[in-house]
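Below is one structure; the comments refer to it alone.
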Amino acid sequence: MYIPADDLTDPAMVATFGHLDASTVLSRRQVSLGLYPAIDPLASSSTLLTPEGVGAQHYAVAMAVRALLARYEELQDERG
């Protein structure tokens, strides 16, 4: 689904995402950096990513990676 102006907070998008089991968000920034597939792991989500759905160890690793990526993004924003 195409999201006009890449606005994930648009009420129509919020309502639509509420009905989905998973969403994969592609990032223009990732493409500009030459990173493929251009998936934004922080904006993407899945209801199956739970300790029960994927196992406790896999879930813990996934959450640690998300935290690391979020911190990296924060540092990039501070840097300019």
Side-chain angles (χ1 to χ4, degrees):
M1 161 178 15
Y2 174 72
I3 302 172
D6 298 337
D7 184 10
L8 296 175
T9 62
D10 182 273
M13 294 302 106
V14 172
T16 301
F17 284 157
H19 296 287
L20 301 175
D21 290 332
S23 63
T24 303
V25 178
L26 300 177
S27 167
R28 294 177 197 275
R29 183 171 177 258
Q30 298 281 64
V31 170
S32 71
L33 295 172
L35 300 174
Y36 296 96
I39 296 170
D40 183 342
L42 298 177
S44 300
S45 65
S46 173
T47 58
L48 291 177
L49 187 57
T50 64
E52 298 79 23
V54 296
Q57 184 177 6
H58 184 97
Y59 178 78
V61 170
M63 292 300 102
V65 168
R66 286 180 69 106
L68 182 66
L69 289 172
R71 180 64 180 143
Y72 177 78
E73 196 169 285
E74 287 174 22
L75 292 173
Q76 291 294 352
D77 290 343
E78 290 175 9
R79 187 171 162 217

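The hydrophobic cluster containing Ile39, built from Ile/Leu/Val/Met/Phe/Trp/Tyr side-chain heavy atoms closer than 4.5 Å, also comprises Leu26. Grouping Ile, Leu, Val, Met, Phe, Trp and Tyr residues whose side-chain heavy atoms lie under 4.5 Å apart, directly or via other members, places Leu35 in a hydrophobic cluster with Leu33. In the hydrophobic clustering, where aliphatic and aromatic side chains (Ile, Leu, Val, Met, Phe, Trp, Tyr) are joined below 4.5 Å either directly or transitively, Val31 groups with Tyr36. When hydrophobic residues (I, L, V, M, F, W, Y) are linked wherever their side-chain heavy atoms come within less than 4.5 Å, the members clustered with Leu42 are Val61, Val65, Leu69.
A donor-acceptor contact shorter than 3.5 Å links the side chain of Ser44 to the backbone of Val25.
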Distance-only donor-acceptor pairs under 3.5 Å for side chains of residues 47-57, two or more places apart:
| unit_1 | atom_1 | unit_2 | atom_2 | d |
| --- | --- | --- | --- | --- |
| Thr47 | OG1 | Asp21 | O | 3.2 |
| Thr50 | OG1 | Gly53 | N | 2.9 |

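The two residues Gln30 and Ser27 make their nearest non-hydrogen contact at N-OG, 3.1 Å. Taking each heavy atom of Ser23 and Ala43 in turn, the nearest pair found is OG-O, 4.3 Å.
Here salt bridge (Lys or Arg N to Asp or Glu O under 4.0 Å) pairs that include residues 23-39, with residues two or more places apart or in two chains, are Asp6-Arg28.
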